[in-house]
Amino acid sequence: MHARRTVRTARQMVANHGWATAVRTARDHLKKKLRRTSQLTDDTIAWLPTAEHEFDRQYGVDTSGLVWSVDLKTGSRSDAWNTAYYGIGPSVFRHVMAQVPGSLLRSATFIDLGCGKGRAVLLASEYPFVQAIGVEIAPQLHRIAVENVGRYTAARSMEGRSDLAPMSVLLQDAAEYRFPAGPLVVYLYHPFCRPVLDQVVRNLGRSLAETPRNAAVVYINHELRDVLDRAPYLQQAWSATVQMDVSDRLADRVGSSAEDCAIYLTHS
Ligand SMILES: C[S@@+](CC[C@H](N)C(=O)[O-])C[C@H]1O[C@@H](n2cnc3c(N)ncnc32)[C@H](O)[C@@H]1O
């Protein structure tokens with residue numbers, strides 16, 4: 001399993017960044033790993049805090065955990081370019097959404113391409129969006145996302161929040177997704193590698209050219225931001241490294257404490 005994952009990661013790295021960068025990154029990764037293995041034992045890992053996020057306990061949903069892409073096979077050509085499932089830290093999501101123009105928050109459809117278990121869709125429903133849509137390629141994650149929408153809606157209505165934006169989750173390859181009419185907030189949490197991202201950016205450009213309208217692309221963990229930088233119809237409006245709050249860090253076993261984020265807007 002470990003060898004398959006390594007081969008997959010190497011293929012993705014070459015597709016995304018080219019051979020020279022892939023070799024340099026592999027060398028640096030190996031060096032870091034060698035340094036770390038002397039300190040990180042099974043005992044240490046057993047004492048790491050639980051990976052279940054407080055968000056899940058609070059609302060009775062299941063959005064936590066890390067699922068490697070080798071465990072998300074669907075038979076689609078896009079499988080090779082799947083990064084992994086990992087839910088966005090709610091504190092990071094809210095920080096980034098605070099940078100999206102208010103006019104879009106009040107008028108747009110929110111679309112999470114690669115929604116996984118649906119954490120970002122649930123979080124987006126708290127904003128005055130027209131609707132919040134998730135698109136997920138892996139059936140096992142899509143099933144969980146559908147259940148989460150039901151549970152979250154029930155939990156929030158018990159708190160008196162019956163004003164959530166309508167949510168839906170589609171089982172579909174993001175590369176084949178057709179964007180709906182009206183203003184858009186397209187959200188990406190580094191879900192796929194370059195070949196799929198290229199296709200998504202082309203599809204969005206075509207849709208906006210056919211029916212000009214306001215749109216934002218929110219890109220978190222923006223490893224392939226050059227794809228968006230080059231899109232002639234987009235302009236970067238904001239970018240920052242956003243620190244996670246304590247509850248996000250406690251649930252994080254990936255070892256990150258911050259996310260690189262950017263927002264792109266269509267030219268007005
Ligand atoms: C890093 S997770 C992001 C989860 C979610 N967007 C969030 O913010 O909590 C990436 C997700 O994208 C999905 N994915 C990858 N390639 C996809 C594709 N071509 N079409 C749809 N979903 C895809 C993966 O299965 C995974 O669930």
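Each ligand, and each atom within it, is numbered from 1 in the order the structure gives.
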Asks: Any N or O on W81 sitting closer than 3.5 Å to an N or O of ligand 1?
Replies: no
Asks: Sort out for me which residue in F129, F93, Y264, Y219 forms a ring-ring contact (aromatic ring centres under 6.0 Å, His included) with Y187.
Replies: F93
Asks: Look at atom 22 (N) of ligand 1 and find which of L171, I137, T63 reaches it with the closest heavy atom.
Replies: I137
Asks: Do T241 and C261 make a side-chain contact, defined as non-hydrogen atoms from C-beta onward lying under 4.5 Å apart?
Replies: no
Asks: From M97 CE over to E126 CD, what is the distance, rounded to the nearest 0.5 angstrom?
Replies: 10.5 Å
Asks: Counting non-hydrogen protein atoms only, what is the nearest one to atom 16 (N) of ligand 1? Give residue, atom name and distance.
Replies: F192 CD2, 3.5 Å
Asks: I'd like to know if the side chain of T153 reaches the main chain of V149, judged simply by a donor and an acceptor atom lying under 3.5 Å from each other, with no hydrogens or angles considered.
Replies: yes
Asks: How far is atom 24 (C) of ligand 1 from its nearest protein heavy atom, and which residue and atom is that?
Replies: N82 OD1, 3.3 Å
Asks: Looking only at protein heavy atoms, which one is nearest to atom 7 (C) of ligand 1, and what is the separation?
Replies: I88 N, 3.7 Å
Asks: Quick one: do L105 and L265 end up in the same hydrophobic cluster if we chain Ile, Leu, Val, Met, Phe, Trp and Tyr together by side-chain heavy atoms under 4.5 Å apart?
Replies: yes
Asks: Provide the number and element of each atom of ligand 1 under 4.0 Å from a heavy atom of D112.
Replies: 5 (C), 6 (N)
Asks: Considering only heavy atoms of G116, which atoms of ligand 1 have at least one such atom less than 4.0 Å away?
Replies: 27 (O)
Asks: Should you measure from each heavy atom of G87, which atoms of ligand 1 turn up under 4.0 Å away?
Replies: 9 (O)
Asks: Do T74 and D173 come within less than 4.5 Å of each other through their side chains, counting heavy atoms only?
Replies: no
Asks: Could you identify the single nearest non-hydrogen protein atom to atom 25 (O) of ligand 1 and state the distance to 0.1 Å?
Replies: E136 OE2, 2.7 Å
Asks: For atom 2 (S) of ligand 1, grab the closest protein heavy atom and report residue, atom and distance to one decimal in Å.
Replies: A84 O, 3.3 Å
Asks: Of all the atoms in ligand 1, which lie at a distance below 4.0 Å from a heavy atom belonging to S78?
Replies: 19 (N)
Asks: Looking only at protein heavy atoms, which one is nearest to atom 20 (N) of ligand 1, and what is the separation?
Replies: A174 N, 2.8 Å
Asks: Give a yes or no on whether the backbone of H190 and the side-chain of T83 come within a donor-acceptor separation of less than 3.5 Å.
Replies: yes
Asks: Can you tell me if Y177 has a non-hydrogen atom under 4.0 Å from ligand 1?
Replies: no
Asks: For ligand 1, which atoms, with element, lie under 4.0 Å from some heavy atom of L72?
Replies: 25 (O)
Asks: Is there side-chain contact between I133 and V121, with heavy atoms separated by less than 4.5 Å?
Replies: no
Asks: Hey, does D112 have a side-chain heavy atom less than 4.5 Å from the side chain of V135?
Replies: no
Asks: Just which atoms of ligand 1 are under 4.0 Å from any heavy atom in Q172?
Replies: 20 (N), 21 (C)
Asks: Measuring only between side-chain heavy atoms, which start at C-beta, is Y59 closer than 4.5 Å to E159?
Replies: yes
Asks: Give the residue, atom name and distance (to 0.1 Å) of the protein heavy atom nearest atom 19 (N) of ligand 1.
Replies: D173 OD1, 2.9 Å
Asks: Quick one: does K117 get within less than 4.0 Å of ligand 1, heavy atoms only?
Replies: no
Asks: So which atom in L171 and which in A138 form the shortest heavy-atom distance, rounded to 0.1 Å?
Replies: CD1-C, 4.0 Å
Asks: Among protein heavy atoms, which lies nearest atom 8 (O) of ligand 1, and at what distance?
Replies: Y187 OH, 2.9 Å
Asks: Might you confirm whether atom CZ of R161 has over 12 heavy atoms from other residues, nucleotides or ligands at distances under 6.0 Å?
Replies: yes
Asks: If hydrogens are left out, which of P191, G114, A138, A175 has an atom nearest to atom 5 (C) of ligand 1, that is, the closest non-hydrogen atom?
Replies: G114
